[in-house]
Amino acid sequence: MEMGYMWMRRVRFGSNSLFLAMAFPSPASPAPSPALRYAPRHPLFSLTCLKPPNLISLASSHGHRSVSISTPSCCSSASPLLSLPENDHLPDFGRGESHQNLPKGSKVLLKGMNYGELQEWVQSHGFRPGQALMLWKRLYGDNIWAHVIDELEGLNKDFKKMLSERAELRALSLKDVRTASDGTRKILFVLDDGLVIETVVIPCDRGRTTVCVSSQVGCAMNCQFCYTGRMGLRRHLTAAEIVEQAVYARRLLSPDIGSITNVVFMGMGEPFHNIENVIKAADIMVDEQGLHFSPRKVTVSTSGLVPQLKRFLHESKCALAVSLNATTDEVRNWIMPINRKYKLNLLLETLREELKLKNNYKVLFEYVMLAGINDSIEDANRLINLVKGIPCKINLISFNPHSGSQFRPSSDERMIEFRNVLAKGGCIVFMRFSRGDDQMAACGQLGNPGSIQAPLLRVPEQFRVALNTGT
């Protein structure tokens, strides 16, 4: 067995202590990533809560080795651990750790596999590839969406016995379904570690019902207008946990609201911060033998992580949305701190160049309208110039207030005026008003930050009056 060593540092803040730790393997092994990452002082914020018996799990992204350390009594399970800053630089998002698609107990989570992996796993246990296809269709197709072994009708008896011993079909547990006055449903799921995520299903009279899935528990981006950002990042979701949201939504709600045709990765979290699992989940969703969502109807949204954006455009067939929300770096640095690393010009030039390589592909720009902040006619004219040369559509989104929010939504009249300027400038533009806001199910309202929240950033001087008056 390989031996290694461990670095630990104790940091005091107030009456609490924080233990930062990093595990190192033997010199012959690749160095692992730190288990607890530092976060910069302002742009990003991550938070990890310990549960009894107060163990910090340290995992190597290279060798999948782990070490558990018992924390002393001064770090109780009720006291969260905050990742403190080492410097002002943003972390390397390309190496963000996540829970892997690991077995539940001694069983493998089937929804963490794409079809090729499932087929290989089935064959490794001595069964034919055809059995893998039949299993796949019962998990995702044929209106079965199986959650338990007994629902796998038509499978070989020995195959079902093997599955009951070695496989787990379900990745999430249902906690609650809340219905808004407009028919929007917010579904609360409990994960194996007790954390809760939220998924939203938005019915449409035109037959285009959308499920909005989460990719993380919380979010590290700290966008100032987003309730989820107040949580900080608890952890990434696995591919199985992401896919299961769409499966569960179809199974639970299709009899009442009809077919769910669209998926948007616009729930809790920054999808490209969890790029591996998001690309895999999206690939499973569009498989023609399974859930069979059209790639054009699966949209993944990002706040602007440029390297991961390029990777997504190269590897995925699905649609892309970019949350823009500002027309100057000054404003975007404030309301979307990721802009401090990936400036507007870099983000838009990357899109301009990458989309030259794709045929009949339009990016969707999302623009949340904040009264007195980003909704002026000058902003509209700047936006026209910013997106020139980029095949795109623009969604103007009404801001949805939440507890502790410093912003106010633009008036309907201002949104219409803003839209008209964009349309006159040659943009394809749509207006998106709130859905599900009376159940905190609308855009930017998901999650439960709790008592310890990500920091609010300093408001630029010229916008302080607008925040105080809403004009």
Which residue pairs pass the salt bridge (charged side-chain N to carboxylate O under 4.0 Å, His left out) test with at least one member in [range], sequence neighbours excluded?
range: residues 112-133; value: Glu117-Lys280
range: residues 145-154; value: Glu151-Arg251
range: residues 428-444; value: Asp182-Arg435
range: residues 254-272; value: none

Verdict with reasoning, Ser434 to Asn400, per side chain to side chain donor-acceptor pair (under 3.5 Å): CA-CA 7 Å; Ser434 297; Asn400 299 295; 2.2 Å; yes
Polar side chain donor-acceptor pair, Asn333 to Asn339, under 3.5 angstrom: yes
No-hydrogen, no-angle side-chain donor-acceptor test under 3.5 Å, Gln224 and Asn222: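 Distance-only check passes for Gln224 and Asn222.
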Under the ring-ring contact (aromatic ring centres under 6.0 Å, His included) test, residues paired with Trp121 that sit two or more places apart: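 Applying ring-ring contact (aromatic ring centres under 6.0 Å, His included) to Trp121 gives His125.
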For Tyr227, ring-ring contact (aromatic ring centres under 6.0 Å, His included) partners two or more places apart: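 For Tyr227, the residues satisfying ring-ring contact (aromatic ring centres under 6.0 Å, His included) (neighbours in sequence not counted) are His402.
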With sequence neighbours left out, write down each residue that passes side-chain hydrogen bond (donor to acceptor under 3.5 Å, both in side chains) with [X], or none if nothing qualifies.
X: Trp136; answer: Asp287
X: Gln445; answer: none
X: Thr228; answer: none

Indicate yes or no: at least one non-hydrogen side-chain atom of [X] is less than 4.5 angstrom from one of [Y].
X: Leu139; Y: Met113; result: no
X: Cys427; Y: Val387; result: yes
X: Pro401; Y: Pro409; result: yes
X: Ser294; Y: Val286; result: no
X: Arg166; Y: Lys107; result: no
X: Thr209; Y: Leu253; result: no
X: Ile242; Y: Asn274; result: yes
X: Leu291; Y: Trp145; result: yes

Member of Arg185, Lys186, Gln245 meeting the side chain to side chain donor-acceptor pair (under 3.5 Å) criterion with Thr199: Gln245
Partner of Lys343 under side-chain contact (heavy atoms from CB on, under 4.5 Å), chosen from Asp329, Val306, Leu348: Asp329
Ile149: which of Lys160, Glu168, Lys161 passes side-chain contact (heavy atoms from CB on, under 4.5 Å): Lys160
Lys/Arg-Asp/Glu bridge criterion (N-O < 4.0 Å) met for Arg311, Glu276: yes
Check ion pair Arg235-Asp193 (N to O, under 4.0 angstrom):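 Between Asp193 and Arg235 there is a salt bridge, with a charged N closer than 4.0 Å to a carboxylate O.
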Rounded distance [0.5 Å steps], [atom1] in [X] versus [atom2] in [Y]:
X: Tyr115; Y: Gln289; atom1: OH; atom2: CD; answer: 7.5 Å
X: His273; Y: Thr302; atom1: NE2; atom2: OG1; answer: 11.0 Å
X: Ile197; Y: Ile187; atom1: CD1; atom2: CD1; answer: 10.0 Å
X: Glu354; Y: Ile390; atom1: CD; atom2: CD1; answer: 11.5 Å

Sequence neighbours excluded, every pair satisfying ring-ring contact (aromatic ring centres under 6.0 Å, His included) that has a member inside [range]:
range: residues 194-220; answer: none
range: residues 167-213; answer: Phe189-Tyr248
range: residues 287-324; answer: Phe272-Phe312

Greater than 12 external heavy atoms within 6.0 Å of Lys358's NZ: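 Yes.
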Donor-acceptor contact present, side-chain Ser214 to main-chain Glu198, <3.5 Å: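 Answer holds: yes.
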Criterion side chain to side chain donor-acceptor pair (under 3.5 Å) on Thr327 and Asp379, from CA distance to verdict: CA-CA 6 Å; Thr327 61; Asp379 280 305; 2.6 Å; yes
